[in-house]
Amino acid sequence: SAVLPVAQRGEIILTLKAVPVAASEFNSPWLEQLAQAMQATMLARNGVGIAAPQVYVSKRVIIVASRPNPRYPDAPDMAAVVMVNPEILQFSKETCLGEEGCLSVPDERGTVARAQRIIVRYFTLHGESVEATYEGFPARIVQHEVDHLDGVLFVERL
Ligand SMILES: O=C(O)C[C@@H](Cc1ccccc1)[C@H](O)SCc1ccccc1
Ligand SMILES: [Zn+2]
């Protein structure tokens, strides 16, 4: 499906707090198409995650898709997860440092401290509520993408 343009650092959309998806949008063709376009865009840009505001949609939808990569060779190879209205319920006290990049901040990498483990509650595209624990690199991606929903870029956490 469509690869969408990706907002770049300095564009207002990336600084806004995205709005929650409404109950009426679950199971809608609109939400399915948004998720498909986000996934296609993420894959086209070799991302391991993406947030809706990065494709100019200020709604609380993210995709998390860890896979082994040069910086994280032992990252788990996970099926892409679409999270609607994600909420991080718990951050572990333990943090870890890791290198991050961003599709909206090309040619820049930085070391960011993130909680090693998190518990996140989100809804699926069908409106089912899920609570899941993530740690390590996948937890990092979730935190990076939820930051995008709150208008925060990783470069503000260096
Ligand atoms: O801009 C984005 O949200 C996608 C980022 C996600 C990311 C989160 C945490 C740590 C690294 C990346 C892109 O995937 S940036 C490309 C990339 C891929 C693997 C490792 C580092 C950077
Ligand atoms: Zn990013």
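Just so you know, these numbers come straight off a predicted model, no measurement behind them. In what follows, residues are counted from 1 in the order of the sequence shown.
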Fill in: Reported NE2-to-OG1 distance for the pair H148 and T15, which is rounded to 0.5 angstrom
12.5 Å

Fill in: From R9 atom CZ to L14 atom CG, the distance as rounded to the nearest 0.5 Å
10.5 Å

Tell me whether [X] contacts the main-chain N or O of [Y] through its side chain, where contact means a donor paired with an acceptor under 3.5 Å.
{"X": "R60", "Y": "A18", "result": "yes"}
{"X": "R114", "Y": "V142", "result": "no"}
{"X": "N85", "Y": "V21", "result": "yes"}
{"X": "E156", "Y": "L153", "result": "yes"}
{"X": "D150", "Y": "V152", "result": "no"}
{"X": "S104", "Y": "Q8", "result": "no"}
{"X": "Q143", "Y": "A115", "result": "yes"}
{"X": "S66", "Y": "P76", "result": "yes"}
{"X": "T41", "Y": "L4", "result": "yes"}

Are [X] and [Y] grouped together when hydrophobic residues (ILVMFWY) are joined by side-chain heavy atoms under 4.5 angstrom apart?
{"X": "V6", "Y": "L43", "answer": "yes"}
{"X": "W30", "Y": "V82", "answer": "yes"}
{"X": "V146", "Y": "L103", "answer": "no"}
{"X": "V105", "Y": "L158", "answer": "yes"}
{"X": "M42", "Y": "I141", "answer": "no"}

Where [X] and [Y] come nearest, the two heavy atoms and their spacing:
{"X": "I63", "Y": "A80", "value": "CG2-CB, 4.0 Å"}
{"X": "F154", "Y": "G110", "value": "CE1-N, 3.6 Å"}
{"X": "R140", "Y": "V112", "value": "NH1-O, 2.8 Å"}
{"X": "Y122", "Y": "V81", "value": "OH-CG1, 3.6 Å"}
{"X": "A7", "Y": "P53", "value": "CB-O, 4.1 Å"}
{"X": "V57", "Y": "L34", "value": "CG2-CD1, 3.9 Å"}

Is there a side-chain contact between [X] and [Y] in this structure, where contact means two heavy atoms from C-beta onward sitting under 4.5 Å apart?
{"X": "L31", "Y": "F26", "answer": "yes"}
{"X": "K93", "Y": "R117", "answer": "no"}
{"X": "S58", "Y": "I13", "answer": "yes"}
{"X": "E108", "Y": "C102", "answer": "no"}

Worksheet item: Which word best sums up how the rings of F137 and Y72 line up, parallel for under 30°, tilted for 30 to 60°, or perpendicular for over 60°?
Response: parallel

Discussion item. Could you walk me through whether I62 and L149 satisfy the side chain to side chain contact (heavy atoms under 4.5 Å, CB included) test, starting with their C-alpha distance in whole Å, then the side-chain angles of each, then the deciding distance to 0.1 Å, before giving a yes or no?
Written reply: CA-CA 8 Å; I62 66 173; L149 300 183; 3.7 Å; yes

Worksheet item: Pick from E87, M83, Q90: which one makes a side-chain contact (heavy atoms from CB on, under 4.5 Å) with V120?
Response: M83

Worksheet item: Y56 and E11: side chain to side chain donor-acceptor pair (under 3.5 Å), yes or no, with the steps?
Response: CA-CA 10 Å; Y56 297 95; E11 295 189 62; 2.6 Å; yes

Practice prompt. Decide, yes or no, whether a salt bridge links R67 with D77 under the criterion of side-chain N to carboxylate O below 4.0 Å.
Written response: no

Practice prompt. For the pair M38 and Q33, evaluate side chain to side chain contact (heavy atoms under 4.5 Å, CB included) and give the outcome as yes or no after the intermediate values.
Written response: CA-CA 8 Å; M38 287 172 64; Q33 282 158 24; over 6 Å; no

Worksheet item: Could you walk me through whether E100 and R157 pass the salt bridge (charged side-chain N to carboxylate O under 4.0 Å, His left out) check?
Response: CA-CA 11 Å; E100 299 191 11; R157 293 190 181 280; over 6 Å; no

Fill in: Worked check of side chain to side chain contact (heavy atoms under 4.5 Å, CB included) between V64 and M78
CA-CA 9 Å; V64 179; M78 67 189 270; 3.8 Å; yes

Practice prompt. Would you sort out whether I118 and T133 count as a side chain to side chain contact (heavy atoms under 4.5 Å, CB included), showing the intermediate values?
Written response: CA-CA 6 Å; I118 60 169; T133 301; over 6 Å; no

